[in-house]
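A short write-up of the structure that comes next.
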2 protein chains.
Amino acid sequence: MKMITNMEKLKTLLESRGLKPTFQRLTVLEYLEKHECHHPTAEMIYEALIARIPTISITTVYNTLSAFLEKGIISAETITGTEVRYDFAPVPHHHFLCTKCGKIYDVKIKCPLGNDMKNTIDGHHIHEIHGYFKGICRECSNKKSGKQK
Amino acid sequence: MKMITNMEKLKTLLESRGLKPTFQRLTVLEYLEKHECHHPTAEMIYEALIARIPTISITTVYNTLSAFLEKGIISAETITGTEVRYDFAPVPHHHFLCTKCGKIYDVKIKCPLGNDMKNTIDGHHIHEIHGYFKGICRECSNKKSGKQK
DNA sequence: GTTATTGCAAAATATTTGCATTATA
DNA sequence: TATAATGCAAATATTTTGCAATAAC
């Protein structure tokens with residue numbers, strides 16, 4: 001029985017969407033998959049990948065992310081309002097931004113925005129549903145109340 | 001009985017939030033109130049106001065919008081992903097962006113995101129709830145199916 | 001070998017900052 | 001008059017574009 005590596009799995013994913021599995025694309029996708037909860041910016045991905053691919057350019061990161069978005073492999077979130085955060089998200093979900101520490105959490109809500117909802121609203125045909133929350137996260141709340149050790 | 005003009009009403013609103021009612025601020029607020037469904041960018045406001053205040057600067061528009069946001073008079077939406085849209089919105093609501101014509105509609109959904117929801121999620125304390133939809137609007141759908149005259 | 005991708009440099013866009021001028025209370 | 005707001009110029013940050021070099025199939 002043949003072992004299937006993670007890279008081979010990602011390669012197959014790219015090919016199935018009609019994207020050539022270049023080293024740059026595979027590395028960006030692997031980073032997004034491993035760090036999926038970090039919701040990085042293009043710049044963060046670029047900085048992280050320079051160690052592995054010293055010649056990579058920010059243009060390639062943007063090209064790659066655009067291609068992934070177009071094929072629906074990743075999603076883009078504008079939750080912070082200052083830059084786009086990218087998310088490798090096989091399962092649709094919403095987000096929570098902590099206004100204190102800046103961390104973005106995935107949230108799986110029971111009654112998600114759009115659940116038991118028709119695919120139209122006021123006659124408009126819905127293709128995408130985005131929902132996000134802002135506030136103080138669990139961790140920062142605990143720190144505030146002196147619960148951190 | 002004394003008539004209360006709209007400008008006087010807006011002046012009172014600014015003063016009640018501790019903001020000096022300068023001509024620039026009143027004019028920006030009046031524009032947002034009258035065009036509240038247009039969800040303009042800072043640039044759109046600036047372009048529109050040059051006719052009335054030829055000396056106004058984009059910096060003042062940004063300063064003004066920041067002050068309004070801080071005082072909760074307006075809200076900011078990042079629905080398009082490329083720039084911030086401002087909204088004078090006395091009643092909280094969600095938004096729909098038409099990916100064809102770019103128009104942003106207000107939507108009052110029956111089961112809004114966060115309705116019948118506690119003020120925490122996964123232990124995170126919620127201060128703001130944002131929800132938006134993307135798709136093809138009523139008008140563009142009609143055009144597509146040949147219903148426009 | 002042909003076509004698509006990469007990556008550099010420069011441009012475009014959106015927003016912020018420093019500071020002198022001006023207006024407000 | 002003291003304080004805050006305005007507006008110009010320049011800076012910063014993010015993203016996009018043109019194009020030549022390179023890599024994939």
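Below, chain A is the first sequence line, B the second, and so on; all start at residue 1. Owing to the predicted nature of the structure, the values given are computational and were not obtained by experimental measurement.
In this entry the distance linking CD of A:Glu70 with P of C:dA4 reads 14 Å, nearest Å. The CZ atom of B:Phe68 sits 11 Å away from the P atom of D:dA5 (whole-angstrom rounding). Atom CG in A:Leu26 sits roughly 13 Å away from atom P in C:dT5 (whole-Å rounding). The distance between atom CD1 of B:Ile53 and atom P of C:dT22, rounded to the nearest whole Å, is 17 Å. If you take OH of B:Tyr46 and P of C:dA14, they are 14 Å apart, rounded to a whole angstrom. Taking atom CD of B:Glu15 as the reference point, atom C1' of C:dT24 lies 11 Å away to the nearest angstrom. Taking atom CD on B:Glu83 and atom C1' on D:dT15, their separation rounds to 13 Å, with Å as the unit. Here the C1' atom of nucleotide D:dA9 and the CG atom of B:Asn63 are 15 Å apart, to the nearest Å.
Taking 4.0 angstrom as the limit, A:Tyr62 places a side-chain polar atom (N or O) nearer than this to OP1 or OP2 of D:dT15. At the phosphate of D:dA23, neither OP1 nor OP2 sits under 4.0 Å from any side-chain N or O atom of A:Gln24.
A side-chain donor from one of B:Asp87 and B:His93 sits under 3.5 Å from a side-chain acceptor of the other.
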Exercise. Could you walk me through whether A:His124 and B:Phe96 pass the ring pair (Phe, Tyr, Trp, His ring centres under 6.0 Å) test, one step at a time?
Key: CA-CA 8 Å; A:His124 310 309; B:Phe96 178 92; 4.7 Å; yes
Practice problem: Check the pair A:Asn63, A:Gln24 against side-chain hydrogen bond (donor to acceptor under 3.5 Å, both in side chains), reporting the backbone distance first and the verdict last. | Solution: CA-CA 10 Å; A:Asn63 285 343; A:Gln24 288 85 343; over 6 Å; no
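Among the protein residues, B:Ile58 comes within range of no part of the nucleic acid, since none of its heavy atoms lies under 4.0 Å from any strand. Within the nucleic acid shown, B:Thr55 comes within 4.0 Å of sugar-phosphate atoms alone, with no base atom in reach, counting heavy atoms only. Among the protein residues, B:Thr60 comes within range of the nucleic acid bases, having at least one heavy atom under 4.0 Å from a base atom.
Taking the six-membered ring for Trp and thresholds of 30 and 60 degrees, B:His35 and B:Tyr31 have nearly parallel ring planes, at less than 30 degrees apart. The aromatic rings of A:Tyr132 and B:His130 lie parallel to each other, with less than 30° between the two planes, well short of the 60° mark.
Nearest nucleotide to the A:Ile56 side chain, out of D:dT6, C:dG7, C:dT6: C:dG7. Nearest to the side-chain atoms of B:Ser57 among the listed nucleotides D:dG7, C:dT6, D:dT14 stands D:dG7. Nearest to the side-chain atoms of A:Lys20 among the listed nucleotides D:dA5, D:dT15, C:dA4 stands C:dA4.
The base of C:dC8 sits within donor-acceptor range of the side chain of A:Thr59, with an N or O pair under 3.5 Å.
Take the nearest nucleotide of DNA chain C for A:Leu19 and for A:Thr82: the residue whose nucleotide is more 5' is A:Leu19. For the pair B:Val84 and B:Phe23, nearest-nucleotide mapping onto DNA chain C gives the more 5' position to B:Val84.
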